[in-house]
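Note sheet for the following structure.
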There are 2 protein chains.
Amino acid sequence: MTDLVYRTVMHDLKNKINGGQFPDKKLPDERSLSDHYHVSRSSIKRALSVLVDQGIIFKKRGSGTFINPLYMKNKTIFHYDGSNLGITDSLKNKGMTPKIKLLSFKVIPTTEALKQDLFLKDDDFVYEIKRLRLFQDKPFMIETGYIPIRVTPTLSKEIVSGSIFNYLEKTIHKTVTRSFMSIKAAPSNSEDQKRLNLKMNEPVGVMEGIFFLDDGTPFEVSNMRLHYKYMKYNTFVMIGK
Amino acid sequence: MTDLVYRTVMHDLKNKINGGQFPDKKLPDERSLSDHYHVSRSSIKRALSVLVDQGIIFKKRGSGTFINPLYMKNKTIFHYDGSNLGITDSLKNKGMTPKIKLLSFKVIPTTEALKQDLFLKDDDFVYEIKRLRLFQDKPFMIETGYIPIRVTPTLSKEIVSGSIFNYLEKTIHKTVTRSFMSIKAAPSNSEDQKRLNLKMNEPVGVMEGIFFLDDGTPFEVSNMRLHYKYMKYNTFVMIGK
DNA sequence: TTTACTAATTGATACGGTCCAATTTTTAGA
DNA sequence: TCTAAAAATTGGACCGTATCAATTAGTAAA
């Protein structure tokens with residue numbers, strides 16, 4: 001999985017950090033690391049920059065590289081390993097597979113908004129797939145997805161009752177690797193309340209996403225309404241520049 | 001502001017993209033760009049990788065570098081320029097300065113949670129600063145911030161009625177450059193409803209953040225409750241690796 | 001025309017070097 | 001002892017090169 005130099009170094013450093021091998025919260029300087037690992041300083045830089053992006057360490061020119069104190073204190077919220085997903089970690093936690101209940105599956109003509117987002121023409125059609133997702137038998141999310149027929153003409157009720165992304169990868173060898181997400185809060189409507197077992201005043205978290213294939217094709221527009229207790233989005237933000 | 005090579009190239013490319021200079025959605029290959037700009041390929045790579053992170057372009061090995069079709073269609077949601085802030089863009093949009101109304105300002109002993117996040121000892125004290133933020137005279141956010149006295153012993157009502165970050169930068173020359181954010185939705189409580197002018201069933205977006213200084217010191221813990229219509233968090237996500 | 005092999009293209013990884021800028025440490029002077 | 005200048009440390013920016021891997025384009029054989 002990982003024979004890349006910078007990844008190897010990155011993982012090793014992360015292990016050492018987790019193992020408390022830098023009690024002074026300071027990493028060796030880049031040149032020493034370069035010597036120690038017998039790799040170029042560029043590779044060290046790359047490894048470190050990944051850890052910086054993950055919020056695990058930070059650098060100060062002239063001074064050194066330090067461990068984010070919060071990372072040691074509260075590792076649980078620094079969930080990622082290489083990826084910076086961050087969405088509803090409840091989902092993929094511990095390999096727990098959430099169940100899917102298909103609510104509806106039909107083909108509809110394009111709407112104006114969909115044309116925008118999915119790059120469609122007037123006479124294009126899309127699948128509308130509405131699903132309820134359950135985690136440990138509790139419903140936590142209503143998902144409405146729109147997929148152009150042109151991209152995947154072969155969807156069926158069976159496929160759509162499982163993971164569409166997996167289907168794509170295994171059969172058509174197309175991968176979803178990027179998405180543009182938008183996150184907000186909204187009052188629950190009566191359907192939310194019924195399906196997600198919410199009280200009148202309890203809201204939903206709304207995540208709208210546009211998913212892209214390897215080749216840049218917008219593949220799916222998805223509207224996800226989550227039980228508010230199940231939505232928590234964690235992210236590390238660098239301000240400026 | 002921008003005399004760095006890779007930034008210059010980055011901005012120029014972005015301008016060309018926005019100006020529609022690549023109608024085939026394809027950028028020149030890296031070697032040509034290197035020639036054209038008279039800079040090393042490494043610098044081109046760096047410039048491009050920023051644009052990749054921003055979701056503006058994507059690369060395919062062996063094939064080339066392409067413009068994200070959605071970026072052209074819907075530039076408004078790709079808001080960032082160099083930064084990847086993403087928080088309540090309503091705030092800094094068009095230089096509109098949101099107003100601040102100070103609700104309360106006091107010094108309290110540490111709580112357990114604060115000790116965790118701010119790296120404090122038992123007998124430390126913190127400022128508790130509660131503020132209402134208004135945008136175009138409409139209240140949109142209740143913000144409760146906690147700042148250790150040890151870090152900034154000089155806060156006053158006046159200071160706290162303006163931007164604390166600006167104060168820090170201008171007087172003590174400390175900068176807040178990193179933060180760990182957590183975003184979720186929650187039902188509004190009676191105070192939310194009163195202050196933000198919300199109906200019973202209307203929720204708030206809750207953003208909790210820990211802000212860090214340049215040197216890694218956790219500087220502030222902030223709990224922000226936003227009128228749900230004002231909270232929208234956009235982000236570009238790379239899946240896997 | 002189709003198929004299969006080969007070339008060229010193009011981005012990815014990695015190396016190692018130069019010079020610079022911010023910071024810290026050391027040294028020399030008052 | 002204290003202060004200010006000098007030196008060492010340390011990360012940042014950039015360059016240019018070599019090699020590799022995925023993709024596409026071109027070519028020759030069936």
Side-chain angles (χ1 to χ4, degrees), chain A residues 1-13 22 24-53 57-68 82 173-175 177-178 213-217 238 240-241, chain B residues 1-11 13 22 24-53 56-68 82 173-175 177-178 213-217 238 240-241:
Chain A
M1 198 67 190
T2 307
D3 49 352
L4 299 184
V5 171
Y6 81 93
R7 296 217 124 234
T8 312
V9 173
M10 186 271 265
H11 283 123
D12 190 69
L13 282 174
F22 306 112
D24 52 351
K25 307 252 167 237
K26 187 173 195 293
L27 268 62
D29 69 281
E30 298 182 347
R31 287 159 180 92
S32 310
L33 288 171
S34 174
D35 281 355
H36 177 266
Y37 285 104
H38 304 294
V39 301
S40 73
R41 193 175 155 212
S42 328
S43 298
I44 296 293
K45 273 189 160 319
R46 187 157 184 190
L48 292 178
S49 85
V50 175
L51 297 180
V52 168
D53 286 342
I57 61 173
F58 61 95
K59 302 167 151 206
K60 279 205 84 182
R61 158 158 25 173
S63 181
T65 304
F66 306 87
I67 300 174
N68 181 343
H173 301 295
K174 290 181 177 175
T175 342
T177 49
R178 284 172 282 275
L213 295 179
D214 252 0
D215 61 359
T217 319
M238 307 291 212
K241 298 255 152 180
Chain B
M1 199 67 187
T2 307
D3 48 351
L4 299 184
V5 172
Y6 80 95
R7 295 218 123 232
T8 313
V9 173
M10 187 271 264
H11 283 124
L13 283 174
F22 306 113
D24 51 353
K25 307 249 166 239
K26 190 174 193 293
L27 267 63
D29 68 282
E30 297 182 347
R31 287 159 180 91
S32 310
L33 288 172
S34 174
D35 282 355
H36 177 266
Y37 285 104
H38 304 293
V39 301
S40 75
R41 197 176 152 208
S42 327
S43 297
I44 296 293
K45 275 189 155 325
R46 187 157 183 190
L48 291 178
S49 86
V50 174
L51 298 179
V52 168
D53 285 343
I56 294 175
I57 61 173
F58 62 95
K59 302 165 152 208
K60 278 204 84 182
R61 152 151 37 165
S63 182
T65 304
F66 306 87
I67 299 173
N68 181 343
H173 301 295
K174 291 182 176 175
T175 343
T177 49
R178 286 172 279 276
L213 295 179
D214 252 1
D215 62 358
T217 320
M238 308 291 212
K241 299 252 155 187

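Here is how names work: the chains are called A, B, and so on, in the same order as the sequence lines, proteins then strands, and each is numbered from 1.
The shortest non-hydrogen separation linking B:Val39 to B:Ser34 is O-OG, 2.6 Å. Here the shortest heavy-atom pairing between A:Ser63 and A:Phe66 reads OG-CZ, 3.4 Å. Here the closest non-hydrogen pair linking A:Thr65 and A:Ile57 is CG2-CD1, 3.7 Å.
Across all strands shown, B:Ser43 has heavy atoms under 4.0 Å from sugar-phosphate atoms exclusively, and none from any base.
Atom C1' of nucleotide C:dA14 and atom CG of A:Asp3 are separated by 13 Å, given to the nearest angstrom. With rounding to whole Å, A:Met10 atom CE is found 12 Å from C:dT13 atom P. Going from atom CG of B:Leu51 over to atom C1' of C:dG11 covers 15 Å, rounded to whole Å. A straight line from NZ of A:Lys60 to C1' of C:dA21 spans 13 Å, rounded to a whole angstrom. Between A:Phe66 atom CZ and C:dT24 atom C1' there is a gap of 10 Å when expressed in whole angstrom units. Across the protein-nucleic acid pair, B:Lys174 atom NZ and C:dT23 atom P stand 13 Å apart, rounded to whole Å. The interatomic distance linking A:Lys26 (NZ) with C:dT23 (P) rounds to 14 Å, in whole Å. Atom CG of B:Leu27 is separated from atom P of C:dG11 by 9 Å (rounded to the nearest Å).
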Distances under 3.5 Å between protein N/O atoms and the N/O atoms of nucleotides 4-8 of chain C, please, pair by pair.
none

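Regarding contacts with the backbone of C:dG11, a side-chain N or O of B:Thr65 is found under 4.0 angstrom from either OP1 or OP2. Look at A:Arg41 and you won't find any side-chain N or O under 4.0 angstrom from OP1 or OP2 of C:dC15. Side-chain N/O atoms of B:Lys45 include one lying less than 4.0 angstrom from OP1 or OP2 on C:dA12.
With sequence neighbours excluded, the residues that form a side-chain contact (heavy atoms from CB on, under 4.5 Å) with A:Asp12 are A:Lys16, A:Tyr37. Scanning for side-chain hydrogen bond (donor to acceptor under 3.5 Å, both in side chains) contacts around A:Thr175 gives an empty result, with sequence neighbours left out. Legend: residues meeting side-chain hydrogen bond (donor to acceptor under 3.5 Å, both in side chains) with A:Ser43, ordered by chain and number and at least two apart, are A:Ser40. Listed by chain and residue number, A:Glu30 satisfy the side-chain hydrogen bond (donor to acceptor under 3.5 Å, both in side chains) test with A:Lys59 (two or more places apart in sequence, or in another chain). Contacts of A:Arg61 classified as side-chain contact (heavy atoms from CB on, under 4.5 Å), with partners at least two apart in sequence or in another chain: none. Considering only residues two or more places apart in sequence or on other chains, B:Arg178 meets the side-chain contact (heavy atoms from CB on, under 4.5 Å) condition with A:Phe58, A:Phe236, A:Met238, B:Phe212. Looking at residues two or more places apart in sequence or on another chain, you find no salt bridge (charged side-chain N to carboxylate O under 4.0 Å, His left out) involving A:Asp214. For A:Thr217, the side-chain hydrogen bond (donor to acceptor under 3.5 Å, both in side chains) partners two or more places apart in sequence, or in a different chain, are A:Asp215.
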Secondary structure of DNA chain C in dot-bracket form (Watson-Crick or G-U wobble, distances below 3.5 Å, | marking inter-strand pairs): ||||||.|||||||||||||||||||||||
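Distance check, rounded to the nearest 0.5 Å: CZ of A:Arg7 to NE2 of A:His11 gives 5.0 Å.
Annotation: of the two residues near DNA chain C, A:Val39 and B:Gly62, the 5′-most nearest-nucleotide partner is B:Gly62. Comparing A:Arg61 and B:Ser63 against DNA chain C, the residue whose closest nucleotide sits nearer the 5' end is B:Ser63.
Under the 4.5 Å side-chain criterion, counting only non-hydrogen atoms from C-beta, A:Ser42 is not in contact with A:Tyr6. B:Leu13 is listed as a side-chain neighbour of B:Leu33, based on a closest heavy-atom distance under 4.5 Å. Between A:Leu27 and A:Ile67, some side-chain heavy-atom pair lies under the 4.5 Å cut-off.
For DNA chain C, the neighbouring residues in residues 28-37 of chain B, judged by any heavy atom under 4.0 Å, are B:Asp29, B:Glu30, B:Arg31.
Syn is the glycosidic conformation of C:dA7, whose angle stays within 90° of 0.
In the 5' to 3' direction, nucleotides of DNA chain D lying under 4.0 Å from heavy atoms of chain A begin and end at D:dT9 to D:dG12.
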